[in-house]
Amino acid sequence: MVYVGIPKGQADQEEEVLKTIQDGDSDELTIKRFTESREKPGALWHIYAAKDTEKIREFLKKVAEEQGQENPVDHDPIHDQSWYLDRPLRKRLHQEYGVQGWAIVQFLGDVVFIPAGAPHQARTRGVLWPDCLGSPLSTWLMLVSSLQVHNLYSCIKVAEDFVSPEHVKHCFWLTQEFRYLSHTHTNHEDKLQVKNVIYHAVKDAVGILRANESSLSRP
């Protein structure tokens, strides 16, 4: 988080942000960073384990049906980024499916790492997400599953996109999910090109080994 803009002389907005952080199930240490240390909060994240993705998807479809909404087969309640899990919905998700995430407030200067395939959501305001995939809530080259962006303070975040070897399988899995989305869906295109990423990574590794083959073969 490289910039957080806080308007001066608006105590009511500060109270609103504090309430949002508290309602977001943040821990006491995080709250004290805002109230006592006067650090600048830019975004409130809720991050869930990748293994709980299907439970979250099932829950969102259930809530949509309760609200009289359709669940088209070529759309996805997570990849559509049309949902924000507020406190009542997070409570239901925990009670009915046993799924509980992590609440993280990202202050100015903080870095947040999101594991591959981990559904997440963030509350921000006027946020700039300059990642190479052009998603408002970063369907990154790490390939994470997104819910929706909401408001906290104006901020600018710089994203570093990468594929970790430990989570390549999640990249393949999510790429397959994207294939079943509508052709007009923003995530339908294979933006990751994971096979190309693996090919060039292996090619570079083999090239380095061959270039140093003589030194590696010495006793």
Side-chain angles (χ1 to χ4, degrees), residues 1-60 63 77-78 81-129 131 135-140 142 144-160 164 166-167:
M1 186 70 65
V2 298
Y3 171 81
V4 177
I6 301 180
K8 296 181 180 179
Q10 296 188 19
D12 56 336
Q13 186 175 5
E14 185 173 315
E15 293 175 1
E16 179 184 343
V17 171
L18 175 59
K19 185 178 186 303
T20 299
I21 293 175
Q22 292 172 332
D23 289 345
D25 303 319
S26 301
D27 58 40
E28 288 299 320
L29 182 60
T30 297
I31 295 173
K32 286 182 179 180
R33 289 183 66 184
F34 178 54
T35 58
E36 297 181 9
S37 301
R38 310 304 297 173
E39 295 189 55
K40 298 180 179 180
L44 168 63
W45 299 81
H46 290 98
I47 304 174
Y48 297 86
K51 65 182 178 62
D52 292 325
T53 301
E54 282 304 317
K55 292 181 180 179
I56 295 173
R57 181 176 287 113
E58 183 180 337
F59 172 69
L60 293 176
V63 174
I78 294 178
Q81 300 177 8
S82 57
W83 286 94
Y84 184 85
L85 295 175
D86 57 15
R87 197 170 199 174
L89 286 178
R90 292 197 303 272
K91 185 176 180 180
R92 278 191 61 184
L93 179 62
H94 185 211
Q95 291 176 340
E96 298 176 20
Y97 290 84
V99 174
Q100 190 171 18
W102 296 270
I104 300 174
V105 177
Q106 186 179 16
F107 291 87
L108 178 64
D110 284 354
V111 175
V112 176
F113 284 90
I114 304 176
H120 69 283
Q121 62 184 15
R123 290 182 70 95
T124 55
R125 172 171 295 161
V127 67
L128 173 63
W129 303 108
D131 62 70
S135 163
L137 188 52
S138 57
T139 309
W140 297 355
M142 277 201 302
V144 289
S145 303
S146 309
L147 294 171
Q148 196 184 66
V149 180
H150 275 245
N151 299 330
L152 200 58
Y153 275 133
S154 297
C155 57
I156 297 176
K157 177 211 64 153
V158 177
E160 178 67 26
S164 62
E166 296 83 0
H167 294 112

Nearest-0.5 Å distance that lies between atom CG in Leu85 and atom CD1 in Ile56: 7.0 Å
Where Cys155 and Met1 come nearest, the two heavy atoms and their spacing: CB-SD, 3.4 Å
Shortest non-hydrogen contact from Pro41 toward Tyr153: O-CD1, 3.2 Å
Atom pair CG/CD of Leu29 and Glu36 - distance to nearest 0.5 Å: 9.5 Å
Distance (rounded to the nearest 0.5 Å) between Trp102 CH2 and His120 NE2: 14.0 Å
Name of the residue among Lys91, Arg87, Gln100 meeting side chain to side chain donor-acceptor pair (under 3.5 Å) with Asp25: Arg87
Shortest non-hydrogen separation from Val111 to Gln106 and the atoms involved: CA-NE2, 4.2 Å
Worked check of side-chain contact (heavy atoms from CB on, under 4.5 Å) between Leu18 and Ile31: CA-CA 8 Å; Leu18 175 59; Ile31 295 173; 4.0 Å; yes
Where Ala103 and Gly24 come nearest, the two heavy atoms and their spacing: CB-O, 3.2 Å
Shortest non-hydrogen contact from Pro119 toward Ala49: CD-O, 3.8 Å
Pair Glu58 + Lys55, salt bridge at N-O below 4.0 Å: no
Which residues share a side chain to side chain donor-acceptor pair (under 3.5 Å) with Glu96, sequence neighbours left out: Lys62, Arg92
Between CD1 on residue Ile78 and OG1 on residue Thr53, distance to nearest 0.5 Å: 5.5 Å
Close side-chain approach of Ile47 to Val112, heavy-atom, < 4.5 Å: yes
Candidate pair Gln22 and Phe34, rule side-chain contact (heavy atoms from CB on, under 4.5 Å), full reasoning: CA-CA 11 Å; Gln22 292 172 332; Phe34 178 54; over 6 Å; no
Nearest non-hydrogen partners of Tyr3 and Leu108, listed with the distance: N-CD1, 3.6 Å
Derivation and outcome, side-chain contact (heavy atoms from CB on, under 4.5 Å), residues Tyr97 and Asp52: CA-CA 9 Å; Tyr97 290 84; Asp52 292 325; over 6 Å; no
Arg33 side chain near Ile21 side chain, heavy-atom distance below 4.5 Å: no
Separation between NZ of Lys32 and OG of Ser26, rounded to the nearest 0.5 Å: 14.0 Å
Side-chain touch Phe107/Thr30, heavy atoms, less than 4.5 angstrom: yes
